[in-house]
Enquirer: 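Right, I'll just put the structure down here and ask away after.
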Amino acid sequence: MTYPALALFSVFFLAAIVGSLLLSFTNWSVYYPNDIQFNGISNFQELFNDPHFRAALENVVVFALVTTALMTGLGTALALVLNRRFRGRNVYRAIFFLPYLLSAYAVGYIFTFVLDPQHGLVNGFLRIVGLGALAKDWLGSPSLALLTVCAVQVWIGTGFAAVIVLAALQTVPQELKEAVALDGAGRIAEFRAVTVPFLMPALTVIVTINIIAGFRVFDLVEALTGGGPGYATEVINTLQYNSLGLGALGYASAIGLTQFAIIAAVTIPVMTRLQRKQLVQ
Amino acid sequence: MTALLSEPVQKTSAGPPTNVLPRKRTNSPWLLYGFLTLTAATVVLPLYLIVLNSLKSTSGASVVTLRLPPALHFANYVDVLRSGILRAMGSTLLIAGSATLVVLALASSAAYVLARRDTWAAKIIRSLMAIGLLAPLQIIPEIKIIQVLGLEGTYWGVILIHSATWLPFSVFMYSGFIRGLPTELEEAAEIDGCRPLRVFFSVMFPLLRPVTLTLAVLLFTGVWNDFQISLYFITNQNMYTMPLTLFNFSGLHTADYNLVCADIVMTLLPIIVVFLFAQRYIVAGLTQGATKG
């Protein structure tokens, strides 16, 4: 009964990875489709010497780390607030979770309006509260654009992190908290000693999912900036999309394969480390 | 929102009587509601902005702001629907619906075997699936594969690519759930002479309902929202999905932001409706796997 699934997965996913492994070492191009030649690691050499690829790599690392850290931190804080008993809790939880399910491309589109330098909500709000000096061209300024894209991702994903942490908070045994409190531990000490260990499985999931998603980001960047201004927000996937237009298929394959290698290299150690931490505590 | 604010807040802890130390409530509930309402506003306002501007006249929407329009132009939606959006909604529904059904059928049956057996074959298949969790779809070879199979420009090509990329996640969701189920029921069915396929469909699949519902929502939403695979693999305008119409729309009516906003609303609305009805399943299903440890 596993064979239909295995067949589909092999033909439409695994075969492409094998294909990428082979094509990345060739000079295959749309202009000479019948003259495919093995050219060793020259695609990868070219890739790592390409300043645009290096910019994309740097940007995607910043994006993955900044968004994962902020979404996990803010999500945990929000979950602690939502963990109190109050009316309308489920309504708030639903509102915060909603952005995670919306089309990232559409969300990016919406935020081009929200962040518009002249008429956008953000600058409009800053001017109303008398902070007009802080109004910026959020997506048009090379030094701000990447962080602005990160901020929109945080808008999308914080509620998801909060909902996962909120569920994990329900697994903390109340008796344990009380026992520690009776022993005279402060709230912070109690949080670190009792709550955090029970949150670790949830935090592992959140960090892993968001790091992988961060390295794969495409829709949001394409909608917000298309990788610009210049290469300020170029990421691996936008670079691959643009390089496909140049017809260098071997080179574009090498980009895809490098992306996979980086995700594996970053995610596997993070996962094993976080999981070990879980076992120790 | 005001209705929420005016409701009294329960002061007493509803916890069990063993609560020796009731949680201190140093913060006023107003501070809590104030904070939450402000945070919720940052989520709701951008969406409200788009709905508002989708109802403005073309000149009124030349800048997208929160200014209220003098009249609501519902005719914008008629314009958008006439411009082929209805067809795009149909295509997106077809692709997302089919991919969801394919994945649910294949992932549940595969997960049943993978979760219950520990043969070397099962181990290898599990490792291969784990690759699928990390690896991004390798676009360039995939284009070639679709060409070779003669699926270029077909709905099936797009549906099967989506299905293959969502399969590993779904298999792991299902097998996590199956491992928590007792084996007695299946064993009883086998003793009664049921063949494995029959055991799966009459005994197992009904038990998997909670995961199936969660996955159905996540898969449908994920494929409906997809932009990247659509962008690379859908070239025929008649097959455009909703995010692609958005990609294309602005090029056609650069100044008609009211119509762009109406298109955005049409892209988001089905998902928001699904979310309102299925919220319980999404949250329950997602958190179950994440908190088990």
Side-chain angles (χ1 to χ4, degrees), chain A residues 1-2 4-6 8-9 12-17 19-20 23 81 84-88 92 94-99 101-106 109-111 113-114 116 119 121 163-164 167-168 171 174 178 181 201-202 205 212 216 218-219 240 249 252-253 256-257 259-260 263-264 267 278, chain B residues 4 7 9-10 14-15 20-21 29 32 36 40 43-46 49-50 63-66 106-107 109-110 112-114 125 128 132 134-142 144-145 160-161 163-165 167 196 200 221 225 227-228 243 246 264 267-268 271 275 279 283 286-287 290-293:
Chain A
M1 268 156 59
T2 49
L6 186 63
L8 176 82
F9 184 61
F12 289 93
F13 199 93
L14 288 179
I17 297 179
S20 216
L23 288 175
V81 175
R84 293 161 158 266
R85 279 169 205 281
F86 60 92
R87 286 208 186 173
Y92 283 109
I95 291 174
F96 294 135
F97 185 69
L98 178 66
L101 288 181
L102 301 178
S103 150
Y105 187 76
Y109 219 123
I110 293 172
F111 271 87
F113 297 130
V114 172
D116 185 88
H119 311 289
L121 284 186
V163 165
I164 304 274
T171 65
Q174 204 60 39
E178 282 153 14
V205 169
I212 296 175
R216 288 180 181 184
F218 178 67
D219 306 11
Q240 190 182 32
L249 300 179
S253 299
L257 196 65
Q259 187 187 18
F260 175 27
I263 292 175
T267 316
Q278 230 166 280
Chain B
L4 279 176
E7 272 170 333
V9 179
Q10 265 183 302
V20 190
L21 297 172
L32 179 75
L36 284 173
V43 172
V44 173
L45 269 182
L49 175 82
I50 298 307
V63 293
V64 178
T65 58
L66 282 178
L106 297 189
S109 52
Y112 173 51
V113 179
L114 293 178
I125 296 172
L128 289 176
L134 293 181
L137 179 71
Q138 300 293 307
I139 306 277
I140 284 89
E142 190 76 18
K144 197 72 205 167
I145 290 169
L160 293 174
I161 298 170
S163 305
T165 50
L167 196 68
F200 175 72
T221 312
N225 290 339
F227 175 65
Q228 196 175 17
L246 205 49
I264 295 178
T267 308
L268 301 185
I271 298 304
F275 174 67
Q279 204 216 121
V283 173
L286 272 180
T287 50
T291 52
K292 222 185 283 166

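Letters A, B, ... are given to chains in the order of the sequence lines, protein chains preceding strands, and every chain is numbered from 1. The figures that follow rest on heavy atoms only: side chains count, while hydrogens, waters and symmetry mates do not.
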Enquirer: Using the test ring-ring contact (aromatic ring centres under 6.0 Å, His included), find all partners of B:Tyr112 that sit at least two apart in sequence or belong to another chain.
Expert: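 With sequence neighbours excluded, B:Tyr112 shows a ring-ring contact (aromatic ring centres under 6.0 Å, His included) to B:Phe200, given in chain and number order.
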Enquirer: Which atoms of B:Leu134 come close to chain A, meaning under 4.5 Å heavy atom to heavy atom: side chain ones, backbone ones, both, or neither?
Expert: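 Both parts, backbone and side chain.
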Enquirer: Specify the closest pair of heavy atoms between A:Val114 and B:Pro46, including all atoms of both residues, with the distance to one decimal.
Expert: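 The answer is CG2-CB, 3.9 Å.
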Enquirer: For residues B:Pro136 and A:Gln259, report the shortest heavy-atom separation together with the two atoms involved.
Expert: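 Between these two residues, the closest heavy atoms are CG-OE1, 3.4 Å.
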Enquirer: A:Ile17 versus chain B, heavy atoms under 4.5 Å apart: side chain, backbone, both or neither?
Expert: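 For A:Ile17, heavy atoms of backbone and side chain both lie under 4.5 Å from chain B.
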Enquirer: For residues B:Gln228 and A:Phe218, report the shortest heavy-atom separation together with the two atoms involved.
Expert: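 B:Gln228 and A:Phe218 have their closest heavy atoms at CG-CD2, 3.5 Å.
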Enquirer: For A:Ala5 and B:Leu167, work out which heavy atoms get closest and say how close.
Expert: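 Result for this residue pair: O-CD2, 3.3 Å.
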Enquirer: Does any backbone or side-chain atom of A:Leu101 lie under 4.5 Å from a heavy atom of chain B? Answer side chain, backbone, both or neither.
Expert: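 Answer is both: backbone and side chain atoms of A:Leu101 are under 4.5 Å from chain B.
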Enquirer: Sort out for me which of B:Leu160, B:Ile271, B:Ile125 touches chain A most, counting heavy-atom pairs under 4.5 Å.
Expert: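 Between B:Leu160, B:Ile271, B:Ile125, the count favours B:Leu160.
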Enquirer: Using side chain to side chain contact (heavy atoms under 4.5 Å, CB included) as the criterion, list what pairs up with A:Ala15, not counting sequence neighbours.
Expert: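 A:Ala15 satisfies side chain to side chain contact (heavy atoms under 4.5 Å, CB included) with B:Ile145 once adjacent residues are dropped.
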Enquirer: Among A:Phe97, A:Phe260, A:Phe111, which has the most heavy-atom pairs under 4.5 Å with chain B?
Expert: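 Of the options given, most contacts go to A:Phe260.
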Enquirer: For A:Asp219, which atoms come within 4.5 Å of any heavy atom of chain B: side chain, backbone, both, or neither?
Expert: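 Interface part for A:Asp219: both.
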Enquirer: Which one wins on heavy-atom pair count under 4.5 Å against chain B: A:Ala94, A:Ala252, A:Pro4, A:Gly19?
Expert: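 The candidate making the most pairs under 4.5 Å is A:Ala94.
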Enquirer: Check whether any side-chain heavy atom of A:Leu6 lies under 4.5 Å from a side-chain heavy atom of B:Leu128, and answer yes or no.
Expert: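 With C-beta onward as the side chain, the pair touches.
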Enquirer: What part of B:Thr221 lies closer than 4.5 angstrom to a heavy atom of chain A: side chain, backbone, both or neither?
Expert: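 Side chain only.
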Enquirer: Report the option among A:Ile110, A:Leu249, A:Ile263, A:Thr267 that has the most heavy-atom pairs separated by less than 4.5 Å from atoms of chain B.
Expert: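 Option with the greatest count: A:Ile110.
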Enquirer: Less than 4.5 Å to any heavy atom of chain B: does that hold for the side chain of A:Pro99, its backbone, both, or neither?
Expert: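 Contact with chain B: side chain only.
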Enquirer: Write down the atom of A:Phe9, the atom of B:Gly132, and the distance for their closest heavy-atom approach.
Expert: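 So the two residues come closest at CZ-CA, 3.8 Å.
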Enquirer: Does any heavy atom of chain A fall under 4.5 Å from the side chain of B:Leu36, the backbone, both, or neither of them?
Expert: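 Looking at B:Leu36, backbone and side chain both touch chain A.
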Enquirer: When you measure from the side chain of B:Gln138 to the backbone of A:Ala16, do you find a donor-acceptor pair of N or O atoms at a distance under 3.5 Å?
Expert: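 Not a single qualifying donor-acceptor pair exists.
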Enquirer: Quick one: what part of B:Leu137 sits under 4.5 Å from any heavy atom of chain A, side chain, backbone, both or neither?
Expert: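 Both parts, backbone and side chain.
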Enquirer: With a 4.5 angstrom heavy-atom cut-off, which part of B:Gln279 approaches chain A: side chain, backbone, both or neither?
Expert: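 Side chain only.
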Enquirer: Let me know if A:Leu8 has heavy atoms under 4.5 Å from chain B in its side chain, its backbone, both or neither.
Expert: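 Both parts, backbone and side chain.
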Enquirer: Mind listing the closest non-hydrogen atom pair of A:Ala106 and B:Ile264 along with its distance?
Expert: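 Closest approach of A:Ala106 to B:Ile264, heavy atoms only: CB-CG2, 4.4 Å.
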Enquirer: Counting heavy-atom pairs under 4.5 Å to chain A, which of B:Ala107, B:Pro141, B:Ala110 comes out on top?
Expert: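 Option with the top pair count is B:Pro141.
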Enquirer: Heavy-atom cut-off 4.5 Å, strictly under: side chain, backbone, both or neither for A:Leu102 against chain B?
Expert: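 It is both, since atoms from each part get that close.
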Enquirer: Between B:Leu114, B:Ile161, B:Leu49, which residue shows the highest count of heavy-atom pairs closer than 4.5 Å to chain A?
Expert: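 Top option by heavy-atom pairs under 4.5 Å: B:Leu49.
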Enquirer: Checking heavy atoms, do the side chain of A:Ser253, its backbone, both or neither come under 4.5 Å from chain B?
Expert: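 Both the backbone and the side chain of A:Ser253 come within 4.5 Å of chain B.
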